[in-house]
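Below: one structure, written as structure tokens.
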There are 4 protein chains.
Amino acid sequence: MTAPPPTPEPAPESAPESAPKSAPKSAQPAARPRRTGGRVRNADAHTAILDATAELLEEVGYASLTMEGIATRADVAKSTIYRWWKSKGVLAMDAYAHVVAARMPEPDTGSLRGDLVGFVRELYRVGKYPLRVRTLQGLMAEAQLDASFAPLFQEWTGQRRAVVRAMFARAVARGELAATTDIDHAVDVIFGVFWYRLLLGHEHLKPSEAEVHVDRLLDGIRGAEGRG
Amino acid sequence: MTAPPPTPEPAPESAPESAPKSAPKSAQPAARPRRTGGRVRNADAHTAILDATAELLEEVGYASLTMEGIATRADVAKSTIYRWWKSKGVLAMDAYAHVVAARMPEPDTGSLRGDLVGFVRELYRVGKYPLRVRTLQGLMAEAQLDASFAPLFQEWTGQRRAVVRAMFARAVARGELAATTDIDHAVDVIFGVFWYRLLLGHEHLKPSEAEVHVDRLLDGIRGAEGRG
Amino acid sequence: MTAPPPTPEPAPESAPESAPKSAPKSAQPAARPRRTGGRVRNADAHTAILDATAELLEEVGYASLTMEGIATRADVAKSTIYRWWKSKGVLAMDAYAHVVAARMPEPDTGSLRGDLVGFVRELYRVGKYPLRVRTLQGLMAEAQLDASFAPLFQEWTGQRRAVVRAMFARAVARGELAATTDIDHAVDVIFGVFWYRLLLGHEHLKPSEAEVHVDRLLDGIRGAEGRG
Amino acid sequence: MTAPPPTPEPAPESAPESAPKSAPKSAQPAARPRRTGGRVRNADAHTAILDATAELLEEVGYASLTMEGIATRADVAKSTIYRWWKSKGVLAMDAYAHVVAARMPEPDTGSLRGDLVGFVRELYRVGKYPLRVRTLQGLMAEAQLDASFAPLFQEWTGQRRAVVRAMFARAVARGELAATTDIDHAVDVIFGVFWYRLLLGHEHLKPSEAEVHVDRLLDGIRGAEGRG
DNA sequence: ATCTAACCGAGACGGTACGTCAAGTCTTCGG
DNA sequence: CCGAAGACTTGACGTACCGTCTCGGTTAGAT
């Protein structure tokens, strides 16, 4: 969904790509980048791959996921996979996004506390879905080991960070928070605790903890403000 | 250092073996760790392996570290490595411990804030050593992918957690903190932020940030108490 | 039985084992070949090894026989085996000889035909014992692959050849056969057919065939004489 | 040459591929040996493997032949070897067949004696080529130790047996031999002596002995008939 | 109506590393 | 001081996937 090539949004590439061209040659083609012919992409193969990936992710876990296995399961040639996804990590991330079609919530309750609690509660709910937990663990691992995957993963996490940052920004705009607040650190605390528990697995994440965690974070921020 | 077999403690066998001599008949033969013969372990090979691992860790990074490469570099048979370390993760962890011989500090300054700031400042200093950063990233990744390595890694991180927990426990004993404080969560915040940044790499860890981070955490805890 | 070290002749070592006990320090150097001290050989270990070998030979066959397996089964150190038998082949041959304690018959019926038929019939009977068949196959294979074992094996087969040669020699002495008879070739025919069938396994050896085979061989020899 | 996959017959693909062009619609697509895709087979790698095997067979002998060594020498990945030959034995047999491209002779001189002498003389000539001797020994050994190789080897020897059987069959057809002759046993005698000497190595095979051996065999057969 | 480029399936290729097995050697200890 | 124990190192094994490649064959838009 995020990466340009994988999930083919109908239009997504035409707009950005026509602008720069400005008026390369003259004409029309505005909409179409470059494509004079050729067989059209087989959507079946595409979804079969994503489905197979999701299934295998569930059955064997990320660590045992192999391109070969996906190809076999999807009844597709290995090269067809590589044509569209350059690595296991990218593919897994894409498949994960498909499964978790319900996107991150972006609550806007009017108060920072309300927003954060809503978000964190939802965040902690993944703990109830072993498949998702294992996939997230695997993606994080992949990002450590595959340098070419890291930026993609970072971009993905960045999007999630952005959601939370926006909450804080709104709070500042509302005057709830001082403009000097170190938002970055606050976001790090929220996601840091989440990932740390997810990766270590020493303690399961429970949505019920969300409220306390948020309160403690906000107390920390306000305490700082109070002291100046 | 943690696992019994890998790094052979010098003493463990000599002591039990001399005791029975002095009391041949009577006492406990149980103590003797049965050893009637056999070739003695080759310490050279052992250290050669650890050295090679550390070197390669530095040169190629954790992701490209291979048992085969280590064996070649150490001029040792692969199975000799497997005899003592059951996996790449365990070996890397052992080698890391050797390199970072200077252990985690356990400051006891008399105040919680002093202890935490000392510890966190030291913690954040690893950001200055790319080798260590990459190794820690790799170990965390390994723990996600290799189920048999996970508990070992968890044990290791548990030891580090214990150090911080002790600081909080002392603070509670001193009356600095309420007995109801959720220490676990506090520890999660400290390590969570640390690992999150380390793994995502979106922002470098700077020792200078330690003080602010600790203050915010303590404010959060005290705020809770004040209300609570 | 053939090689000097393996199967200890009863006499030479048993005596020293009881004598020294009665006169610990002083006595009898004369009789003893050369032995100034040292631990005495453990006969139990010795027979345990042979037994284990025979058992495993039966259970898993020669191809899957390993020194390691034998050591485990006999509850003996591997090096103890190597001390007395330099290779798997030698050991297997020794164990085989123990099992097939009933030695090759050396019939002396008064006529060449009688002698040969008796011998060949007995020879072909191994076909009824899969264990022996597989062991003989394995020994032959070993002789091809292990240059140091070949001479030993050749010596062993040489002993069996000698038995048959003797029959022919007696026949010549009796005047049954011309002195010019190519005995070597005749022996090769007997054992050649036996081994060829044993190794290829295309047809099972049956004792009932012995008579015909011998007759054909003798006809061949006499035909040559008649012409020649 | 025997097994379908290993040595790819040159013709099957080139011919059918040009022919259809000339007769686009009409003719037989049946001839085409199903090829729906896949990278084309690299003939160079294939012959390089066979060559390397033959060389190593000569240099180090069958016993010391290793797949790893072959791969290195042929400058080919080990898996490429295993893709086509499932074991060392099969590969060695194939390489042997390549080297001894001159196939077994199938003399048809008009008389049984002439046929046999011609064949046996040629058979005994391998004694002059140590490489071939050692290879044959190794193959026989392998057949004993590797159950999956045995049938292949048996098939190969079966082909050679068939050649000799045909000679006897012709003789029977000509009336040279009684129809009751035990051809199987006669063939066993010929090959039995050959292999027995080859494997034991107690006496070298000399082509000059062929004539005598054949005569003795035929005398044996005719003697039986005479009495018969 | 053809051309033509992109697609897909198949599967061989060279490669790297894996983890295991059994071999045979070396050192220590005990009788 | 020899024999037993057993820890040691080693080489090769066969396998699994990797990512690339080279085909044969399809399919649809552009000409």
Item to check | Minimum-distance pair of heavy atoms, taken over all atoms of B:Leu56 and B:Arg73 | outcome: CD2-NH2, 3.5 Å
Item to check | Parallel, tilted or perpendicular: ring planes of C:His46 versus C:Trp85, cut at 30 and 60 degrees | outcome: parallel
Checklist entry - In whole Å, what is the span from the CG atom of D:Leu145 to the P atom of F:dC13? => result 15 Å
Item to check | Nearest to side-chain heavy atoms of C:Ala77, which nucleotide of F:dT9, F:dA5, E:dG14 | outcome: F:dA5
Checklist entry - Within the modelled atom types, does a donor on one side and an acceptor on the other bring the side chain of B:Ser79 and the base of F:dT10 under 3.5 Å apart? => result yes
Checklist entry - Among E:dA23, F:dT15, F:dA12, which nucleotide sits nearest the side chain of D:Tyr82? => result F:dT15
Could you go through residues 62-70 of chain C and list every donor-acceptor pair under 3.5 Å that involves a side-chain atom there, pairing it with any protein atom two or more places apart or in another chain?
from: C:Tyr62; atom 1: OH; to: C:Glu142; atom 2: OE1; distance (Å): 2.8
from: C:Thr66; atom 1: OG1; to: C:Gly69; atom 2: N; distance (Å): 2.8
from: C:Glu68; atom 1: OE2; to: C:Lys78; atom 2: NZ; distance (Å): 3.2

Checklist outcome for this item: In terms of heavy-atom contacts, C:Ala48 and C:Ala74 come closest through O-CB, 3.6 Å
Next on the checklist: What's B:Lys78 touching, base or sugar-phosphate or nothing? Going by heavy atoms closer than 4.0 Å.
Outcome noted: base
Next on the checklist: Are the side chains of B:Lys88 and B:Phe149 in contact, using a 4.5 Å heavy-atom criterion?
Outcome noted: no
Next on the checklist: Can you measure D:Ile81 atom CD1 to F:dG14 atom P for me and round it to whole angstrom units?
Outcome noted: 11 Å
Item to check | Contact summary for D:Ala92 and D:Thr53, nearest pair of heavy atoms | outcome: CA-CG2, 4.2 Å
Checklist entry - Do side-chain atoms of D:Thr80 reach the backbone of D:Val76 as a donor and acceptor pair under 3.5 angstrom? => result no
Next on the checklist: If you take any heavy atom closer than 4.0 Å to DNA chain E, which residues from residues 65-75 of chain D end up in contact?
Outcome noted: none
Item to check | Atom-to-atom span, CH2 of B:Trp85 to P of E:dC18 - whole angstrom | outcome: 15 Å
Item to check | Phosphate contact (E:dC7 OP1 or OP2) by A:Trp84 side-chain N/O below 4.0 Å | outcome: no
Item to check | First encountered from the 5' end of DNA chain E, between D:Arg83 and B:Ser87 | outcome: D:Arg83
Checklist entry - When the distance from CG of B:Leu91 to C1' of E:dG19 is rounded to whole Å, what number comes out? => result 15 Å
Next on the checklist: Rounding to an integer number of Å, can you tell me how far B:Lys88 NZ sits from E:dA17 P?
Outcome noted: 10 Å
Item to check | Whole-Å gap separating C1' (F:dC17) and CG (A:Leu56) | outcome: 15 Å
Checklist entry - F:dA5, E:dC13, F:dT10: which one has an atom nearest the side-chain heavy atoms of D:Thr80? => result E:dC13
